[in-house]
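Below is one structure; the comments refer to it alone.
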Amino acid sequence: MKNRKDILEKIRCLRLMDDEFMTICFDGYKEGVKLLLKIILGRDDLKISEVRTQKALKNLHGHDSHLDIYATDSQGKKYNIEIQRADSGAVAQRARYHSSMVDADMLAPGDTYSNLNESYVIFITENDVLGDNKPIYHIDRRIEESDYRYFADGSHIIYVNGAIKDDTTDLGKLMSDFYCTNAQDMHYKELRNKVKYYKETKKGVETMSSVFDDFRNECKIEEKEDIALNLISEGSLTIDAISKVTGLPIEKIRELAERKPA
């Protein structure tokens with residue numbers, strides 16, 4: 001019973017800046033993602049055709065990526081929106097890597113490079129990671145020798161500073177909503193209605209409780225895999241021994257060993 005009360009209390013305290021809550025609220029929610037992009041990009045003409053959260057992009061020769069929000073519009077343009085509370089999760093190199101993974105996901109075997117659509121990697125950060133006290137930062141490639149003329153490769157990186165929350169701008173209102181624990185305090189109905197559903201209706205609360213159970217189980221598995229990878233890197237234990245230490249199947253240990261960079 002105590003565990004149930006703890007879960008309900010945690011649900012009441014959740015914000016859209018929290019991974020678990022953001023994941024469930026935006027999964028498949030075209031109107032919600034359309035609102036985010038409308039405000040961040042300053043566009044009213046977007047038609048979102050697909051939205052997925054925690055989209056896994058596989059790299060056969062390196063590090064996989066799990067995208068917080070991955071959306072496609074009616075023109076085939078791709079949007080990756082990342083919610084980052086820790087500064088370390090929003091370093092420039094990560095934005096660069098996500099941009100490359102989105103590009104790779106767009107280009108099918110046999111396609112020409114002209115088939116690459118525009119892509120946007122957007123980090124919504126809890127702190128002012130770039131440090132200039134701006135509400136939003138737009139990063140695009142430029143040509144130094146041509147008066148920094150825009151290099152039209154179609155890739156865009158944007159950082160939204162979640163530390164600036166106010167009621168004077170649309171972006172400030174959006175960031176304020178991301179930190180609200182009470183749906184009634186939110187400015188935008190697209191977000192208010194979704195938050196209210198998962199916090200205040202029986203079915204929504206049951207869904208969130210189930211998500212927490214699944215999330216805890218996934219975390220335990222990821223922790224075991226991290227331990228296994230460290231032991232594999234050390235090279236002091238056999239695959240059988242690592243399996244016994246972590247409780248992971250031998251087949252999983254072999255898979256992790258094959259993925260480990262040389």
Side-chain angles (χ1 to χ4, degrees), residues 16-30 32-34 36-37 40-41 46-125 129 139-141 153-160 211 214-215 217-219 221-226 228-229 232 251-252 254-262:
L16 291 174
M17 280 299 294
D18 298 312
D19 284 342
E20 309 100 313
F21 200 46
M22 176 279 301
T23 293
I24 192 67
C25 283
F26 282 105
D27 192 30
Y29 189 33
K30 297 177 185 178
V33 172
K34 180 180 178 180
L36 299 189
L37 295 175
I40 293 171
L41 302 180
L46 287 173
K47 294 182 180 180
I48 304 301
S49 59
E50 183 183 17
V51 174
R52 293 182 61 183
T53 57
Q54 295 303 318
K55 163 73 172 176
L57 296 185
K58 296 292 184 180
N59 183 346
L60 296 178
H61 304 291
H63 184 76
D64 295 341
S65 290
H66 287 79
L67 309 186
D68 285 349
I69 300 174
Y70 193 40
T72 307
D73 70 14
S74 57
Q75 297 179 324
K77 297 177 182 179
K78 300 290 185 178
Y79 305 86
N80 168 216
I81 304 172
E82 294 291 310
I83 312 298
Q84 289 296 334
R85 296 183 59 188
D87 292 0
S88 60
V91 294
Q93 291 85 349
R94 183 170 186 177
R96 170 187 167 188
Y97 190 71
H98 275 229
S99 182
S100 70
M101 291 291 282
V102 170
D103 284 347
D105 185 58
M106 268 194 280
L107 207 61
D111 280 352
T112 64
Y113 295 113
S114 61
N115 288 108
L116 277 176
N117 284 305
E118 281 189 87
S119 67
Y120 292 80
V121 173
I122 301 168
F123 279 79
I124 299 176
T125 61
V129 173
I139 300 100
D140 291 301
R141 290 186 174 95
D153 64 343
S155 66
H156 312 276
I157 294 173
I158 297 173
Y159 278 69
V160 179
V211 167
D214 292 342
F215 184 75
N217 291 334
E218 285 181 14
C219 285
I221 292 173
E222 289 177 0
E223 289 169 4
K224 290 180 179 180
E225 289 182 358
D226 286 341
L229 282 169
I232 291 168
E251 293 77 12
K252 186 63 181 179
R254 289 197 179 111
E255 178 189 327
L256 293 171
E258 291 174 359
R259 283 167 42 191
K260 184 182 77 68

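Computation of the quantities below employed the complete heavy-atom set of this structure, encompassing side-chain atoms and omitting hydrogens, waters and symmetry-equivalent molecules. Count residues from 1 along the sequence. What you see is a predicted model; the values in this text were computed from it and never measured.
The closest side-chain heavy-atom distance from Tyr29 to Thr53 is not below 4.5 Å. The side-chain heavy atoms of Ile124 and Ile81, taken from C-beta on, include a pair separated by under 4.5 Å. Using a 4.5 Å cut-off on side-chain heavy atoms (C-beta onward), Val121 and His156 make no contact. Within the 4.5 Å cutoff, side-chain heavy atoms of Tyr70 are placed close to those of Val102. Leu67 has its side chain within reach of His98: a pair of non-hydrogen atoms, C-beta onward, lies under 4.5 Å apart.
Contact between Phe123 and Gly89 at its shortest, heavy atoms only, is CE2-O, 3.5 Å. For Gln54 against Thr23, the heavy-atom pair with the smallest separation is NE2-OG1, 3.4 Å. In plain terms, the two heavy atoms of Ser155 and Asp140 that are nearest each other are O-OD1, 3.3 Å. Considering every non-hydrogen atom in both Leu46 and Leu37, the closest pair reads CD1-CB, 3.5 Å. Heavy atoms only, all atoms of each residue included: Thr125 and Met17 are closest at C-CE, 4.1 Å. Closest non-hydrogen pair, Ala71 versus Val51, comes out as CB-CG2, 4.1 Å.
Taking CD from Glu118 and CG from Asp153, the interatomic distance works out to 9.5 Å, rounded to the nearest 0.5 Å. The structure places NZ of Lys30 at 10.0 Å from OG1 of Thr72, a figure rounded to the nearest 0.5 Å. Interatomic distance, SG of Cys25 versus CD1 of Ile69, reported as 10.0 Å (0.5 Å rounding). Taken from CG in Leu36 to CG in Leu41, the straight-line distance is 10.0 Å, to the nearest 0.5 Å. For the atom pair NZ (Lys78) and CE (Met101), the distance works out to 13.5 Å, reported to the nearest 0.5 Å. Distance check, rounded to the nearest 0.5 Å: CG of Asp18 to CD1 of Ile24 gives 14.0 Å.
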Salt bridge (Lys or Arg N to Asp or Glu O under 4.0 Å) between Lys34 and Asp73, worked out: CA-CA 9 Å; Lys34 180 180 178 180; Asp73 70 14; over 6 Å; no
Asn117 and Gln75: CA distance, side-chain angles, deciding distance, side chain to side chain contact (heavy atoms under 4.5 Å, CB included) verdict: CA-CA 8 Å; Asn117 284 305; Gln75 297 179 324; 6.0 Å; no
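A distance-only check finds a donor-acceptor pair linking the side chain of Glu82 to the backbone of Asp68 [under 3.5 Å]. For Ser99 (side chain) and Ala95 (main-chain N/O), no donor-acceptor pair under 3.5 Å exists by modelled atom type.
In this structure, Tyr120 and Tyr79 have parallel ring planes: the angle between them is below the 30° cut-off, well short of the 60° mark.
For Thr112 and Asn115, the side-chain atoms include at least one donor-acceptor pair closer than 3.5 Å.
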